[in-house]
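Reviewing the structure listed below.
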Amino acid sequence: MRLFMNVVALLGLIAFPTFAFAQDLALKRVMLSSGGLGYFEYEATVDGDATLKLTVGLGQVDDVLKSLVVYDDKGSVGGLSLPGREPLAQAFKDLPFDQGSLGSPAELLSTLKGAQVTVGGSRALTGRVVSVEEDPLVLPDNKGTMKRTRVTLYTDRGLQQFILEEAENLQFADAALREKVGQALIAIQGNRARDARTIDLTMRGQGKRTVRVAYIVEAPVWKASYRLTLGADPTAARSALQGWAIVENLSGQDWKDVELTLVSGRPVAFHQALYNAYYVTRPEVPVEIAGRLMPGIDRGGVTVDQQRAKAPPLPAPAPYRAQQERSVTAPAMAPPPPPPAGMAAAADQIEASDAATQVIFKFPRAVSVENGRTLSIPIVDRQVPAQRLALYQADTAARNPLAAIRLTNDGESGLPPGIITLYERDKGGYVSYVGDARLSGFPVGETRLLAYALDEKIIIERDVAQTDRVASGTIANGALRLSRVVRQTTVYRVRGPAKEPRQLVVVQRRLPGWTLTKPESKDVELSEGNYRIPFQLPGGDQTQTFEVVQEQTQQQEIRLVESAAEQIRVYAQAREFDAKTREALTRVLQLQQTVAGAQRKVQQVDAERQAIVQEQARLRENLARVPANSDLQRRYLATLDKQETDLEALSKRRAEADKAVEAAREALRTYVSQLG
């Protein structure tokens, strides 16, 4: 108890700074965006100049510095200030002691050796701190020890000691040192909330007025979920749709009677670490010494172009449309007791409106949500056009289509994306769960196909075939230019429901660069690179056949001089070409045959020459083995002489044959160049 009083006396002698009058801001408005941002607006009533205090989380300071805005019609904003990111480190940076030195009076005195202090009590002392040492006292009858601290001071009368725990009070003689200790203690007190920072906002003005302060920070994404109840009549034009918003308050403070607004959109948002300290690295230059010159090095230059090219505008982003995902068939559930005539209506009518890039839902009354709690409340409650159909996606289910709803937004505002839970009411009034679907962003006037279950009443078989045919051909610049039509045909064999008619929508992948030729594209939709092709199933257990045909025209060029005769012969007989083109190709084929005949004569001469050369090699080998001046030797020599004469004749024939080949080729080239 004596030690506690000493500490209190020590702190009581420290001078604490004072703050200007400050007023707290009250949270009045919250706007949550589906982009993961929250708009928080506060109000305060001020009179004249004032300092407003706003406490935010440490992780929100960057966003507050980026986006804080002040609305004051009769005043002005002077600026804001707040502790640094590491306030304690900065507070102790220039002090002669660290934070650990404030753990006890003994630690503080030990750190500040040499400081002059005055000790009050039964034994008053004044002097400079020399040492601080533990001096435990043994209690009588060996009942333990008591912790004591012996402090040695240098005084006018020499070194003197006292027990710190027995001193009634102690203060530093230096007023500046007392102020530094006080500032350090205040910094520790203000930093108890380690993950929060208090912002001081100064306002200047005359008279009493209301000031509003707002900022944008990261916030949990609010979600939308829907309930769609289908009527007992499958041909009914409309169904009941109810949408709910799910909101989490994780802001760190309670929302008490705030105006709540929900925004569905995709804003562009950035984060920048404005609360961090940055330093620019400067180049180091040598100290200038008299007589020493260090001119820069001239590396030449170029003429400055004064004209600046104007940058082209960026293309506008394409509208975003979320892709439908595959639905999972849920097990059948036992029907609950008959419900009332319809879903309970929303207690409050939410004001929904379309802005340029977002949909806004404003709650008509104040909302209170404690920190850490979740709020879910209806935001949409109306009848919407809903048509039942079967949606066939081969990549999702190859044999059966999906039960689906064609939903049309004929309301006054768009709908945010979310999950839809579908219920179905039978003729007896019972309601059963039939599946879930996913709704993408839903602007006014658009339709969505929502698949929610597998339709096993319809069986589909699919066959794909591809053909390639020549459509037309022309000759120009020595080439045959062909137009080929490649056709892909998908045949759907569908066995429909036995008792009821059904509309079937087939999702067919669109081939890039191809044209849909069957069926006619009057009622065909295009979405996400796919065709949506409707077919009517009249009902009855019968199989119907539907064809979907896509075609692409491909261009091909064939050089007539270099092409093979077999290829030219095929095109010369093609009935897709006109008579003039076929006659020209027939003449080209004849000229190619003439070239081929001349080449055969060259090959024939080469074959004869090769046979003679091989025979001469055999004779020369035999000559080396027969006796000189024998009859056989003379016979071999006579044969060799005759073969040399034949080789000379073959050389002349080869030259004539080469001329014939070149003449035939020239005739072909001349004719082809004149075509077209």
Side-chain angles (χ1 to χ4, degrees), residues 27-42 54 56-71 77 80 82 85 197 199 212-225 243 245-252 255 258-276 278 308-325 350-363 379-380 409 411-419 438-446 448 527-529:
L27 181 63
K28 292 296 184 181
R29 279 167 285 278
V30 175
M31 181 182 295
L32 299 180
S33 169
S34 60
L37 299 173
Y39 170 88
F40 296 86
E41 184 178 300
Y42 299 78
L54 179 65
V56 298
L58 178 61
Q60 297 177 333
V61 176
D62 287 331
D63 285 335
V64 172
L65 293 175
K66 174 180 76 73
S67 62
L68 186 138
V69 60
V70 179
Y71 300 100
V77 58
L80 62 83
L82 72 161
R85 176 170 285 276
R197 294 291 183 270
I199 298 174
R212 293 185 293 134
V213 178
Y215 56 80
I216 304 292
V217 295
E218 184 181 50
V221 176
W222 75 272
K223 286 84 65 178
S225 64
I246 299 97
V247 178
E248 291 93 2
N249 178 9
L250 300 179
S251 63
W255 300 347
V258 301
E259 297 179 12
L260 180 61
T261 303
L262 303 179
V263 177
S264 177
R266 302 177 67 86
V268 176
F270 301 107
H271 175 268
Q272 192 171 55
L274 299 176
Y275 199 34
N276 291 344
Y278 298 91
R308 301 178 180 178
K310 186 177 180 181
L314 295 176
Y320 172 86
R321 179 176 294 175
Q323 185 177 4
Q324 288 185 327
E325 295 185 355
I350 305 299
E351 180 183 344
S353 60
D354 272 354
T357 60
Q358 56 194 11
V359 183
I360 301 174
F361 299 91
K362 187 174 182 179
F363 288 73
I379 57 174
V380 176
N409 186 359
E412 300 297 328
S413 67
L415 299 178
I419 297 295
R438 187 174 181 181
L439 179 68
S440 63
F442 201 7
V444 175
E446 292 196 7
R448 294 288 186 269
S527 173
E528 299 291 337

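A 4.5 Å side-chain heavy-atom check between Phe363 and Ile350 finds at least one atom pair inside the cut-off. Counting heavy atoms from C-beta on, the side chains of Phe361 and Val380 come closer than 4.5 Å. Counting heavy atoms from C-beta outward, Val30 and Val247 have side chains that stay 4.5 Å or more apart. Looking at heavy atoms from C-beta onward, Trp222 lies in side-chain contact with Ile379 at the 4.5 angstrom threshold. For the pair Pro416/Ser34, no side-chain contact is recorded, criterion being any heavy-atom separation below 4.5 Å from C-beta on. Two residues are said to be in side-chain contact when any heavy atoms from C-beta on lie closer than 4.5 Å; Leu415 and Val359 fail this criterion.
Closest approach of Leu250 and Pro220 over heavy atoms only: CD1-CG, 3.7 Å. Across every non-hydrogen atom of Leu262 and Ala245, the tightest pair is CD1-CB, 3.4 Å. Here the closest heavy-atom approach between residue Gly36 and residue Val221 is recorded as CA-CG2, 3.7 Å. The minimum heavy-atom distance linking Ser413 with Val444 is given by the pair C-CG2, 3.2 Å. Scanning both residues, Gly38 and Ala219, for their nearest heavy atoms gives N-CB, 3.7 Å. Taking every heavy atom of both residues into account, Asn409 and Pro443 meet most closely at ND2-O, 3.4 Å.
The environment of CD in Glu41 is crowded: more than 12 heavy-atom neighbours from other residues, nucleotides or ligands sit within 6.0 Å. The number of heavy atoms from other shown groups lying within 6.0 Å of NZ (Lys66) is above 12.
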Decide yes or no on side chain to side chain contact (heavy atoms under 4.5 Å, CB included) for Arg438 and Arg448, but give the supporting numbers first.
-> CA-CA 10 Å; Arg438 187 174 181 181; Arg448 294 288 186 269; over 6 Å; no
Could you walk me through whether His271 and Asp63 pass the side chain to side chain contact (heavy atoms under 4.5 Å, CB included) test, one step at a time?
-> CA-CA 7 Å; His271 175 268; Asp63 285 335; 3.6 Å; yes
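In this structure, CZ on Arg197 lies 14.0 Å from CG on Leu54, to the nearest 0.5 angstrom. Note that CG of Leu37 and CE of Met31 are 12.0 Å apart. Values are rounded to the nearest 0.5 Å. Glu528 contributes atom CD, which lies 8.5 Å from atom OG of Ser440 (distance to the nearest 0.5 angstrom). Atom-to-atom distance recorded for Ile360:CD1 and Ser33:OG is 10.0 Å, nearest 0.5 angstrom.
Of the possible donor and acceptor atoms, one in the side chain of Gln60 sits under 3.5 Å from a partner among the backbone N and O of Gly57.
Between Tyr215 and the choices Val56, Ile199, Val69, the side chain to side chain contact (heavy atoms under 4.5 Å, CB included) rule is met once, by Val56.
Thr261 and Arg29 are not linked by any side-chain donor-acceptor pair at a separation below 3.5 angstrom, with hydrogens and angles left out of the test.
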